[in-house]
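Every chain is numbered from 1, with letters handed out A, B, ... down the list of sequences.
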Amino acid sequence: MAEEKRITPMAQDFSAWYIDVIKNADLMDYAPVRGCMIFKPAGYAIWEAIQRGLDSRFKATGHENAYFPMLIPESFFNKEKEHVEGFAPELPWVTEAAGEKLEERLALRPTSETIVGWAFQKWIQSWRDLPVLVNQWANVFRWEKRTLPFLRTSEFLWQEGHTAHADEKEAREETIRMLNVYVDFVQNEMALPVWEGQKTPSEKFAGAIDTYSIEAMMKDGKAVQAGTSHYMGTKFAQAFNIQYLDKDQTLKFVHTTSWGASTRLIGCLVMAHGDDKGLRLPPKIAPVQLVMIPVGPAKLREKVLARFDPLFQQIKAAGIRVKADAREEYSPGWKYNEYELRGVPLRLEIGPRDIDNNVVIIVRRDTGEKITASQDGLIDIINNLLTDIQQNMYNQALQFRQDHSFEATTLAELTDILDKQFGFVLGGWCGSGACEEEVKKATKATARNKPFGAPKQMPTCITCGQPSVATVWYARGY
RNA sequence: CGGGGCGUAGCUCAGCCUGGUUUAGAGCGCUGCGUUCGGGACGCAGAGGUCGGAGGUUCAAAUCCUCUCGCCCCGACCA
């Protein structure tokens, strides 16, 4: 028997499990530079699916794609104090080109507020120029001390939306609109429930007035910020002098927003849906939704393929992302394991007996259930199954989140819950940074966000017992 | 940047402590041929290494010493 690809059980070592899954599912490879990674085709295909889902939503809300340069002059960062303090420590620099030292060194962008601000200043003169609604798909660099594939890498891919508006009201509406776009995408396509809410001041984006996030729960109970949306007020407008002449004939600063989601969504997908057999992809995201595998003895192979091929064409023509794997050098059993590892939602087997009975065998990745399905009306059966898997995966993730959501009224309770059960803990917060800091020191958990529509209002601060100004989710995060 | 682990075949590693029968090995993978094929098949024959790099010790270094580069995991910092 051949050596099996082995995945460390999730319960034994979650980190090892994660690395095993992404390696065995062939999503990535390590790169020669520390903290950088190669997106292999299977991993990049997931990113493309995410891009499609988000991009169509951005277009539908009136945004256009643009592209700004990756190199940003150092002086740009010094124009906004909080921004530079937030990002300076993790910037890689270009200091030399064509064999000569540069007069001003250039940062590899960690985000593009500065260079977008510079451009907006040139583009905006009149109230008629507003709003400006652009998005870019790009790579950015943040030299983090510690890296983890997809979740935290020195270079990552993302989209960043940047908008400029005439007033605060409009800009704030945009901020929440885009937050809701992320909610819609992640919940409906990635089958992941999230808590949308506002970040506490200490967790804000460097340079923002208000930061909002969506927080998803991984299977180790940790939180991942899966998307963010920021209201910048006029901070960047003042830093880059983005002013317009309003209808009342006075010069005014624009109000800007930015919002982003990155390739860490792929890590979310793995950690929130995966199991000990490997990846599980929700059908709407899965690059391959159905894999077809012919089975049976070699002498009957022609008979099988004679039905297999037209069936494949029929399924493909119906718009289902189907892959046929009729390779003879791998046994069916090997293929079953391989595609389970890769997270393909449905597997279809067809052999001589099935052909005689006018059926196929369909196996669900989410439940492992084997279904004998008639070849007549097969397309409807597949489509219904895909819909059902999508819903089931969401329900499973929601159930998991409910099972790992708690509430605490004291720091001792919070510590106890996080140590014994892991998950998200709802608690009150008095508004002081010191209390947040204390929670962090005691539990390594942070205030993830102040959720909209919290399940319950917690009246007193978990740390100091004073009346709370907000109810927050506390959790350890990635 | 601290702590730990590790660099030997494409991959996972053994060999190192105690230097010399090792002509550097194993399993998987890879190539060729044949047999198999309903849950990770098998036989036979092959290809593949300046033992991460640089110095040093020695008659002799994958093995001992020094330096260096890099990777992974765990902490402090972050999407």
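Pairing for B:C51 is absent, judged as Watson-Crick or G-U wobble with the two contacts each under 3.5 Å. With a 3.5 Å ceiling on both atom-pair distances, the Watson-Crick or G-U wobble partner of B:C71 is B:G5. With a cut-off of 3.5 Å on both pairing distances, B:C77 has no Watson-Crick or G-U wobble partner at all. Nucleotide B:G32 forms a pair with B:C44, judged by Watson-Crick or G-U wobble geometry with both contacts under 3.5 Å.
Counting only heavy atoms from C-beta on, A:P352 has its side chain closest to B:G38 among B:C77, B:C37, B:G38. You'll find that the side chain of A:R353 is closest to B:G38, out of B:C30, B:C37, B:G38.
Annotation: B:G10 and B:G49 have their C1' atoms spaced 12 Å apart (nearest Å). When the P atom is used for both B:C69 and B:U12, the distance is 24 Å, rounded to whole Å. B:C51 and B:A9 are spaced 10 Å apart, taking the P atom of each and rounding to whole Å.
Proximity of A:S331 to the phosphate of B:A41: a side-chain N or O atom is located under 4.0 Å from OP1 or OP2.
With sequence neighbours left out, the salt bridge (Lys or Arg N to Asp or Glu O under 4.0 Å) criterion links A:R365 to A:D275. By the ring pair (Phe, Tyr, Trp, His ring centres under 6.0 Å) test, A:F156 pairs with A:W158, sequence neighbours left out. Every residue two or more places apart in sequence or in another chain that forms a side chain to side chain contact (heavy atoms under 4.5 Å, CB included) with A:A445 is listed here: A:L418, A:T443, A:R476. Among residues two or more places apart in sequence or in another chain, the salt bridge (Lys or Arg N to Asp or Glu O under 4.0 Å) test is passed with A:E64 by none. Under the rule for a salt bridge (Lys or Arg N to Asp or Glu O under 4.0 Å), A:E48 has no partner lying at least two apart in sequence or in another chain.
Listed by residue number, the members of residues 273-297 of chain A with any heavy atom below 4.0 angstrom from RNA chain B are A:V295, A:G296. The stretch residues 212-220 of chain A has no heavy atom under 4.0 Å from RNA chain B, so no residue of it qualifies as close. For RNA chain B, the neighbouring residues in residues 354-376 of chain A, judged by any heavy atom under 4.0 Å, are A:D354, A:I361, A:K370.
A distance-only check finds a donor-acceptor pair linking the side chain of A:K199 to the backbone of A:R448 [under 3.5 Å].
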Pairwise N/O distances under 3.5 Å, protein to nucleotides 68-76 of chain B:
from	atom 1	to	atom 2	distance (Å)
B:C71	OP1	A:R34	N	2.3
B:C74	OP1	A:S15	OG	2.7
B:C74	OP2	A:R146	NH2	2.2
B:C74	O5'	A:R146	NH2	3.3
B:G75	OP2	A:R146	NH1	2.9

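Listed by first and then second residue, the salt bridge (Lys or Arg N to Asp or Glu O under 4.0 Å) pairs involving residues 216-232 of chain A amount to none (not counting sequence neighbours). Pairs of residues two or more places apart, or lying in two chains, that qualify as side chain to side chain donor-acceptor pair (under 3.5 Å) and include a residue from residues 181-192 of chain A are A:R57-A:D184, A:R57-A:E189, A:Q159-A:Y182, A:D184-A:N188.
Between A:H83 and A:F236, the ring planes are perpendicular. Angles over 60° get that label, and only those under 30° would be called parallel.
Within 4.0 Å (heavy atoms only), A:E203 reaches no atom of the nucleic acid at all. Using a 4.0 Å heavy-atom criterion, one finds that A:Q225 contacts the sugar-phosphate atoms exclusively.
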Would you list the atom pairs, donor with acceptor, under 3.5 Å between side chains in residues 276-285 of chain A and any protein atom, with sequence neighbours excluded?
from	atom 1	to	atom 2	distance (Å)
A:D276	OD1	A:M10	N	2.7
A:R280	NE	A:H273	O	2.6
A:R280	NH1	A:D366	O	3.1
A:R280	NH1	A:Q396	OE1	2.9
A:R280	NH2	A:H273	O	3.4
A:R280	NH2	A:Q396	OE1	2.9

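With a 4.5 Å cut-off on side-chain heavy atoms, A:I320 and A:L386 count as touching.
Straight-line distance from the CZ atom of A:F150 to the C1' atom of B:C78: 19 Å, rounded to whole Å.
Just one residue in the list A:N449, A:D210, A:T211 forms a side chain to side chain donor-acceptor pair (under 3.5 Å) with A:Q198, and that residue is A:D210.
Aromatic pair A:F39/A:F150: centroids less than 6.0 angstrom apart.
Between A:K235 and A:E82, at least one side-chain nitrogen of the basic residue sits less than 4.0 Å from a carboxylate oxygen of the acidic one, meeting the salt-bridge criterion.
Residue order along RNA chain B, read from the 5' end via each residue's closest nucleotide, puts A:Y336 first among A:Y336 and A:E155.
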